[in-house]
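Structure, as structure tokens:
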Amino acid sequence: GKNRLDIRDLKKENKEENSGVTVTEQYISEDGSVRAVKGLKSPDNITGGYLVQLISDEKYDTIPSGFYTNLGKAYEIVSPSNATIEEAEYIQNVFNEMERAITESEETELTKYIDLESWGQKYLIEEFFHDPDASLASEFFYKKADDPLIYAGPIWDFDRALGSYGIDRNYMDLAETTGYYSVYANELMKKDIFYDYVKEKFYELICPYMENEAEQDVEEWITEIQNSAEMNHIRWEGQFAGYYDTTKASAEYIITFLNKRLQFFRDTFEGTAQYHSVVFRDYDGMVVSEEIVRHGEYIQNVPDVSSYVA
């Protein structure tokens with residue numbers, strides 16, 4: 001589309017600008033919120049491009065270039081990987097302004113800082129197909145030169161999506177979680193301009209796909225990867241190899257999961273059904289499992305009652 005760029009071009013600009021320069025010393029700001037490299041020359045235009053990744057606090061201490069935002073999010077500057085002090089401080093300021101627009105400003109300010117198309121569709125894909133890692137350390141964002149907007153993507157790390165955490169995922173957990181990582185989706189879905197865009201794309205893109213193509217695609221893809229899945233099962237001693245040993249059972253599970261997500265999204269956007277949260281606690285009162293079920297239906301994944309008290 002018109003707002004896309006080749007991610008490979010992001011690295012090219014910095015390499016050409018600093019060819020032949022030896023990196024000798026790292027810069028860390030006094031408050032630790034900026035990490036960069038001393039001795040590099042900043043390009044004449046430092047407005048882009050940048051590719052950054054949300055990372056853990058533990059990883060932040062190991063990277064050459066990165067920054068913390070005012071909301072406490074740690075980012076690695078993936079490209080340029082050896083960012084100058086000026087570049088690192090610039091992109092940190094851009095992200096701080098973006099976060100302010102998401103959490104504090106009127107929604108009319110939002111599109112001055114984020115690309116609605118990429119953010120809305122990234123969120124919809126991650127939420128509908130239920131990628132629980134999407135808001136942890138699996139988020140990339142980029143900024144092009146001479147463009148004020150932050151773009152979301154590319155998406156990745158879907159190995160735990162499509163129901164690997166259970167079939168009763170009847171909630172939008174990325175938008176409903178208010179914790180450290182999920183604040184972006186949580187705040188964005190409160191703004192009409194973002195909510196309406198996600199809803200529009202759900203009916204425009206997700207519904208037709210689910211009705212016309214999804215079942216056939218799942219069956220074909222599972223057939224293609226069956227041999228690899230069996231080898232993974234052997235290599236990793238059964239970890240993350242899927243719920244079922246047969247292609248047919250795996251395909252049926254994924255389709256069932258997607259159809260439940262489709263129903264839940266429609267119920268959410270149309271207000272056509274009520275959902276109930278059932279929490280299972282251990283004998284010390286700690287929450288060990290939470291299932292959210294549609295009114296009139298039953299929980300399909302009930303925990304072992306010998307271990308938990310509902």
Side-chain angles (χ1 to χ4, degrees), residues 7 10-11 13-15 17-18 21-105 109-110 112-115 119 122 126 132-145 147-157 174 177-188:
I7 295 299
L10 292 171
K11 292 185 178 181
E13 178 180 333
N14 186 259
K15 285 184 177 180
E17 186 71 27
N18 292 290
V21 176
T22 301
V23 179
T24 57
E25 188 177 356
Q26 184 171 52
Y27 165 82
I28 301 176
S29 62
E30 186 174 340
D31 63 1
S33 69
V34 173
R35 297 175 69 92
V37 179
K38 292 182 179 179
L40 293 180
K41 175 186 175 183
S42 297
D44 294 335
N45 184 351
I46 64 169
T47 63
Y50 296 92
L51 176 66
V52 303
Q53 180 186 6
L54 180 68
I55 60 173
S56 65
D57 294 333
E58 291 77 14
K59 185 178 179 182
Y60 181 79
D61 293 332
T62 69
I63 60 174
S65 307
F67 58 92
Y68 269 101
T69 66
N70 288 338
L71 289 180
K73 289 177 175 285
Y75 282 97
E76 178 180 5
I77 303 175
V78 179
S79 181
S81 58
N82 292 322
T84 66
I85 299 173
E86 187 179 15
E87 288 174 316
E89 291 178 341
Y90 168 80
I91 194 63
Q92 180 194 43
N93 289 332
V94 170
F95 267 71
N96 281 335
E97 285 299 302
M98 177 199 74
E99 289 185 343
R100 182 191 59 78
I102 290 174
T103 59
E104 300 177 14
S105 300
E109 292 285 303
L110 190 62
K112 296 180 181 180
Y113 295 93
I114 73 167
D115 170 58
W119 280 72
K122 174 181 179 291
E126 293 169 340
D133 290 336
S135 60
L136 295 175
S138 300
E139 290 201 89
F140 282 98
F141 302 93
Y142 63 91
K143 183 185 181 299
K144 298 184 287 185
D147 185 340
L149 302 181
I150 297 293
Y151 294 80
I155 60 173
W156 78 300
D157 195 12
L174 300 184
T177 302
T178 57
Y180 175 75
Y181 292 112
S182 299
V183 64
Y184 291 167
N186 180 273
E187 293 296 327
L188 286 169

At their closest point, which heavy atom of [X] faces which heavy atom of [Y], and how far apart are they?
{"X": "Arg35", "Y": "Asp61", "answer": "NH2-O, 3.3 Å"}
{"X": "Pro80", "Y": "Ile77", "answer": "O-CG2, 3.3 Å"}
{"X": "Ser65", "Y": "Ser81", "answer": "OG-O, 2.7 Å"}
{"X": "Tyr68", "Y": "Ala74", "answer": "CE2-CB, 3.6 Å"}
{"X": "Ile46", "Y": "Glu86", "answer": "CD1-CG, 3.5 Å"}
{"X": "Tyr60", "Y": "Val34", "answer": "OH-N, 3.5 Å"}

What's the separation between atom [atom1] in [X] and atom [atom2] in [Y], rounded to the nearest 0.5 Å?
{"X": "Glu25", "Y": "Ile28", "atom1": "CD", "atom2": "CD1", "value": "10.0 Å"}
{"X": "Ile55", "Y": "Ile63", "atom1": "CD1", "atom2": "CD1", "value": "4.0 Å"}
{"X": "Glu187", "Y": "Thr103", "atom1": "CD", "atom2": "OG1", "value": "6.0 Å"}
{"X": "Thr69", "Y": "Asn96", "atom1": "OG1", "atom2": "CG", "value": "6.0 Å"}
{"X": "Glu104", "Y": "Asn70", "atom1": "CD", "atom2": "CG", "value": "9.0 Å"}

Taking the side chain as every heavy atom from C-beta outward, state whether [X] and [Y] have any atom pair closer than 4.5 Å.
{"X": "Lys122", "Y": "Phe140", "value": "no"}
{"X": "Phe95", "Y": "Val52", "value": "yes"}
{"X": "Gln26", "Y": "Pro64", "value": "yes"}
{"X": "Thr47", "Y": "Asp147", "value": "no"}
{"X": "Phe67", "Y": "Glu89", "value": "no"}

With sequence neighbours left out, what residues match Ser33 under side chain to side chain donor-acceptor pair (under 3.5 Å)?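 Result, side chain to side chain donor-acceptor pair (under 3.5 Å) vs Ser33: Asp31, Gln92.
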Who are the side chain to side chain donor-acceptor pair (under 3.5 Å) partners of Asp157, not counting sequence neighbours?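 Ser138.
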Ring-face cation contact, Tyr90 with Lys143, 6.0 Å cut, 45° max: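 No, Lys143 does not lie over the aromatic ring of Tyr90.
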I'd like to check the salt bridge (Lys or Arg N to Asp or Glu O under 4.0 Å) partners of Glu97; sequence neighbours left out, ordered by chain and number.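 Partners of Glu97 under the salt bridge (Lys or Arg N to Asp or Glu O under 4.0 Å) test: Arg100.
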Donor-acceptor pair, side chain of Glu99 and main chain of Leu71, under 3.5 angstrom: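 Side chain of Glu99 to backbone of Leu71: a pair is present.
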Set of side-chain contact (heavy atoms from CB on, under 4.5 Å) partners for Ala101, sequence neighbours left out: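 Per chain and number, Ala101 pairs via side-chain contact (heavy atoms from CB on, under 4.5 Å) with Ser105, Tyr113.
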Could you tell me which residues satisfy ring-ring contact (aromatic ring centres under 6.0 Å, His included) with Tyr27, sequence neighbours excluded, listed by chain and number?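 Applying ring-ring contact (aromatic ring centres under 6.0 Å, His included) to Tyr27 gives none.
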Apply ring-ring contact (aromatic ring centres under 6.0 Å, His included) to Phe141 and list each qualifying residue two or more places apart in sequence or on a separate chain.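 With neighbours one apart ignored, the set is Trp119.
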